[in-house]
Amino acid sequence: MSTLSAHGAPATGREVPCPTVTCVFAVTDTPPRDEAVSLTPGHDGGGPLRVLAAGPLHLIVQDVPAAAFGEEALAERLNRPEELERCARAHHRGVETAASAGPVVPLPMATLYLDDHNAVRAVAARAASLRTLLDRLRHRTEWAVKVHGPGIARASGAAGDGPADGRSYLRRVSERRRTEREERERALARAHAVDRELRRYAVAATRHRPQSEQLTGRSVPQLLNAAYLVDDGRRAEFVGAVGELARDAHRSAVEVTLSGPWIPYSFARSDAAERDAHEEVGA
């Protein structure tokens with residue numbers, strides 16, 4: 001067995017290639033140009049991105065070091081926020097490049113196979129459902145709409161309240177809580193109305209879990225965190241509808257915000273794809 005030098009090269013001086021695995025970013029039926037793919041930065045330490053044919057489908061893949069992407073090493077890296085962000089950005093770059101020429105099915109981050117043959121075989125087994133998904137996503141994009149409710153005033157007890165006025169104080173506290181609850185219920189009703197209206201312009205919609213105030217960096221609650229799959233031909237209608245809803249909601253201190261268009265991550269999963277997307281290295 002060869003021994004390694006301090007720089008990782010065998011003591012004999014011969015360079016032994018590092019074992020790699022195949023990381024798959026996305027599947028498409030309209031592959032981008034090879035040159036555009038190869039110029040997209042992938043995961044650190046890996047080779048250039050490339051297009052891998054799988055029958056009528058095409059994969060955007062990268063050879064990545066097996067040691068850095070083994071189960072334990074990868075789990076340890078993704079537990080560090082800066083590494084998680086770095087991997088997520090690399091994954092999105094690969095998906096974005098795949099989407100530059102047509103519809104794309106993004107695969108979960110760090111979808112890994114032992115080699116190209118295993119990657120192609122796994123995709124071929126799901127070819128029918130993947131082609132159905134691609135047809136569903138063609139000429140459609142995702143739009144994100146968030147609704148934030150009004151901040152609730154947290155008034156403290158009135159100065160001068162004392163034991164003799166305890167009953168009056170408790171009554172005011174109860175009234176304030178009831179008012180807060182009614183305000184929140186009205187805001188939630190407004191958010192649900194926004195969602196119902198926007199579904200009229202979309203071919204599909206989904207609600208994500210509302211983000212915490214710590215995550216949004218805002219001091220008001222998030223009441224709706226929704227995504228809509230919209231035909232590109234109805235883009236102007238959808239954006240206009242959001243604008244009108246935002247103006248109406250503002251009068252009741254509810255804020256409606258729109259972002260997009262995005263690659264339709266929220267709509268690029270079938271039940272079968274969800275079950276099969278996480279093949280482990282070594283399977």
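On a predicted model such as this, the values are computed, not experimentally measured, just so you know.
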Carboxylate-amine/guanidinium proximity below 4.0 Å for Asp63 and Arg50: yes

Please say yes or no: joined through hydrophobic side-chain contacts below 4.5 Å, possibly via intermediate residues, are Leu245 and Tyr228 part of one cluster? yes

Flag yes if Val123 and Leu133 sit in one hydrophobic cluster, no otherwise; membership is Ile, Leu, Val, Met, Phe, Trp, Tyr, and two members link when side-chain heavy atoms are under 4.5 Å apart. yes

Evaluate the ring planes of Tyr201 and Phe238, with Trp represented by its six-membered ring, and classify them as parallel (under 30°), tilted (30 to 60°) or perpendicular (over 60°). perpendicular

Do Asn118 side-chain atoms and Leu114 backbone N/O form a donor-acceptor pair below 3.5 Å? no

Could you tell me which non-hydrogen atom of Leu78 sits nearest to which non-hydrogen atom of Glu83, and how far apart they are? CD2-O, 4.4 Å

Quick one: closest heavy-atom pair of Leu49 and Pro41, and the distance? CD1-C, 4.3 Å

Backbone N or O of Gln211 within a donor-acceptor pair of the Gln222 side chain at under 3.5 Å? yes

What is the distance from atom OG1 of Thr97 to atom NE2 of His92, rounded to the nearest 0.5 Å? 9.0 Å

Gap separating the OG1 atom of Thr257 from the NZ atom of Lys146, nearest 0.5 angstrom: 6.5 Å

Quick check: does any side chain N or O of Glu142 sit under 3.5 Å from a backbone N or O of Ser266, one acting as donor and the other as acceptor? yes

Tell me, with the steps shown, if Ile60 and Val51 meet side-chain contact (heavy atoms from CB on, under 4.5 Å). CA-CA 5 Å; Ile60 308 303; Val51 178; 3.9 Å; yes

Paired with Arg138, the salt bridge (charged side-chain N to carboxylate O under 4.0 Å, His left out) test is passed by just one of Asp29, Asp232, Asp231, namely Asp29

Quick check for you: to the nearest 0.5 Å, what is the distance between Glu82 atom CD and Arg86 atom CZ? 6.5 Å

Leu229 and Trp143: side-chain contact (heavy atoms from CB on, under 4.5 Å), yes or no, with the steps? CA-CA 7 Å; Leu229 184 65; Trp143 295 79; over 6 Å; no

Thr111 side chain to Leu107 backbone, donor-acceptor under 3.5 Å: no

Verify, without hydrogens or angle tests, whether Arg136 (side chain) and Phe267 (backbone) share a donor-acceptor contact under 3.5 angstrom. yes

Any chance you could measure Gln62, atom CD, to Thr22, atom OG1, to the nearest 0.5 Å? 10.0 Å

Determine whether Thr141 and Trp262 satisfy the following criterion, side-chain contact (heavy atoms from CB on, under 4.5 Å), listing intermediate values before the conclusion. CA-CA 6 Å; Thr141 43; Trp262 305 111; over 6 Å; no

With hydrophobic residues grouped by side-chain heavy-atom distances under 4.5 Å, do Val104 and Val230 end up in a single group? no

His43 and Cys87: which non-hydrogen atoms are nearest, and at how many Å? CE1-O, 3.5 Å

Is any NZ, NE, NH1 or NH2 atom of the basic residue among Asp44 and Arg77 found under 4.0 Å from an Asp or Glu carboxylate oxygen of the other? no

Taking all non-hydrogen atoms of both residues, which atom of Ala110 and which atom of His91 are closest, and how far apart? N-ND1, 4.5 Å

Less than 4.0 angstrom from a charged side-chain N to a carboxylate O is my criterion; do Arg93 and Glu96 meet it? no

Chi angles and distances behind the side-chain contact (heavy atoms from CB on, under 4.5 Å) call for Leu57, Leu130: CA-CA 9 Å; Leu57 301 176; Leu130 287 168; 4.1 Å; yes

Pairwise distance CE(Met109) to CZ(Phe25) - rounded to 0.5 angstrom: 11.0 Å

